[in-house]
2 protein chains.
Amino acid sequence: MLSNKTKYALKALQVLAKEYGQGPVLISEIARRENIPAKFLELILLELKNQGILQSKKGKGGGYFLARPPQSVSVGQVVRVMEGPLAPLPCVSRTSYMRCRECRDERSCGIRLVMKDVRDATAKILDSTTLADVLKRVEAVVAGREGLHYSI
Amino acid sequence: MLSNKTKYALKALQVLAKEYGQGPVLISEIARRENIPAKFLELILLELKNQGILQSKKGKGGGYFLARPPQSVSVGQVVRVMEGPLAPLPCVSRTSYMRCRECRDERSCGIRLVMKDVRDATAKILDSTTLADVLKRVEAVVAGREGLHYSI
DNA sequence: CTATAAGTCTAGTAAGTCAATAGGGTAAAT
DNA sequence: ATTTACCCTATTGACTTACTAGACTTATAG
């Protein structure tokens, strides 16, 4: 399960992707739009900034904005920054491998083989999906809904 | 990330799958073979028993054994029992759906669409892999290694 | 029938994580 | 100079994790 923190981060980035190129967005504005506790969101956005995903501007007219265009920020990057490795077990993580303390022979560990498949499947999805893709999918759903509405 | 508890459960079940049909196996024997703290393993096996995955026999000659054959226990079942839902977010879980408190419109939540894909991919792997499959894959690896060994 | 082997069950606990909240500090625009 | 808004540190309460301790119950062998 993803933590609330990660979920909030993704929702905030979704907003900032939508507003990309239109100047900074206030923390309070993002908090309001997504129903996120403002002070908590502050910490999250700061962390995303320190990780190079966001930039900010202080003072009046300030706020946060994406450091790179939405099509070059993947969901996988964000999840890794907030949550740590995607892998279900440290011994199948590519980005931060660690052997299991109790494991006698890693190469013949059946659990590991299965969890490696899970890791690969997860990474394939999250690393190939960008914030731009997320927006596109949302638009498609909304458009579909409106189409349905007219046809009734 | 799976907890140690879940990892230990899977390793213990792997042992019990290998010994299936040959009578009960001692907690201490499993603990020794897999390097798991015996008292902790005790709690885990008890829980697996209460969930109907294991059976036990008390007294001398007792121990734990699988309640059903290895090919009808899936890794997904075990992970759900020990860890809870496979879904990265409660709003995409099939077995224990819950809406996100802060979400204004679930149907057009982009994060949700992506995480649903992750859930489906994970479930597809874990629910279609049984303990018997795990053993088979381990055997394949070991056989491959021996083949390689002779060819040197 | 009783010793002993083995699982059952209840507590407890130290350490860590989560989900915030509080309350100033600092930079930048007007 | 003042206001706006991000920056940073600390704390808190609830919960989870990973165990450990110890008494209890049941079953089998002799």
Side-chain angles (χ1 to χ4, degrees), chain A residues 1-12 16 23-32 34-67 79 81-85 88-90 100-102, chain B residues 1-12 15-16 23-32 34-67 79 81-85 88-90 98 100-102:
Chain A
M1 278 286 186
L2 297 180
S3 62
N4 270 354
K5 200 171 158 188
T6 302
K7 187 174 63 176
Y8 292 162
L10 289 168
K11 292 205 164 184
L16 292 173
V25 183
L26 296 182
I27 295 178
S28 56
E29 161 76 5
I30 302 173
R32 194 187 52 71
E34 297 294 330
N35 264 326
I36 301 171
K39 270 299 205 177
F40 193 24
L41 182 58
E42 210 176 290
L43 294 182
I44 295 166
L45 296 180
L46 192 57
E47 193 172 340
L48 290 171
K49 186 200 166 185
N50 291 334
Q51 297 290 337
I53 293 175
L54 293 181
Q55 289 182 5
S56 66
K57 203 183 157 193
K58 283 187 178 183
K60 197 164 194 174
Y64 277 97
F65 51 97
L66 286 183
V79 172
V81 162
M82 302 306 294
E83 198 81 5
L89 293 177
C100 291
R101 202 174 77 298
E102 82 287 351
Chain B
M1 279 285 186
L2 297 179
S3 63
N4 270 354
K5 199 171 159 188
T6 303
K7 188 174 62 176
Y8 292 161
L10 289 168
K11 292 204 164 187
V15 170
L16 292 172
V25 183
L26 296 183
I27 297 178
S28 56
E29 161 77 4
I30 302 173
R32 194 186 52 71
E34 297 295 329
N35 264 327
I36 301 171
K39 268 303 205 177
F40 192 24
L41 182 58
E42 207 177 291
L43 296 181
I44 295 166
L45 296 180
L46 192 57
E47 193 173 342
L48 289 170
K49 186 201 167 183
N50 291 334
Q51 297 291 336
I53 293 175
L54 293 181
Q55 288 183 6
S56 66
K57 203 184 158 195
K58 285 188 177 182
K60 197 163 194 175
Y64 278 97
F65 50 98
L66 287 183
V79 172
V81 162
M82 302 305 295
E83 199 81 4
L89 292 177
M98 255 188 68
C100 292
R101 202 175 76 299
E102 81 288 352

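Letters go in sequence order (proteins before strands), and every chain restarts at 1. Worth knowing before you read on, the calculation uses all heavy atoms, side chains too, and leaves out hydrogens, waters and symmetry mates.
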Atom-to-atom span, [atom1] of [X] to [atom2] of [N] - whole angstrom:
X	N	atom1	atom2	answer
B/I27	C/dC9	CD1	P	12 Å
B/L48	C/dG7	CG	P	14 Å
A/L45	D/dC8	CG	P	13 Å
A/L41	D/dC8	CG	P	16 Å
A/M1	C/dA19	CE	C1'	16 Å
B/L46	C/dA6	CG	C1'	13 Å
B/N50	C/dT10	CG	C1'	14 Å
A/E47	C/dA19	CD	C1'	13 Å

Acceptor/donor pairs from residues 34-54 of chain A side chains to any protein atom, 3.5 angstrom cut, sequence neighbours excluded:
residue: A/N35; atom: OD1; partner: B/R104; partner atom: NH2; Å: 3.3
residue: A/N35; atom: ND2; partner: B/E102; partner atom: O; Å: 3.3
residue: A/E47; atom: OE1; partner: A/K5; partner atom: NZ; Å: 3.2
residue: A/K49; atom: NZ; partner: A/S56; partner atom: OG; Å: 3.4
residue: A/N50; atom: ND2; partner: A/L46; partner atom: O; Å: 3.4

Of all residues at least two apart in sequence or in a different chain, which pass the side chain to side chain contact (heavy atoms under 4.5 Å, CB included) check with [X]?
X	value
B/K57	B/P24, B/F65
B/M98	B/P90
A/P85	A/S93, A/T95, A/S96, B/M1

Open item on the list: Quick check: closest heavy atoms across B/V25 and B/I30, and the distance to 0.1 Å?
Closed with: CG1-CG1, 3.7 Å

Open item on the list: I'd like to compare against my own output: the B/S/- annotation of nucleotides 16-29 of chain D with a strict under-4.0 Å heavy-atom distance to protein.
Closed with: --SBBBB---SSS-

Task: Short side-chain N/O contact to D/dC7 OP1/OP2 from A/S56, under 4.0 Å - done: yes

- [ ] Go through the structure and list residues passing side chain to side chain donor-acceptor pair (under 3.5 Å) with A/S28, not counting sequence neighbours.
- [x] none

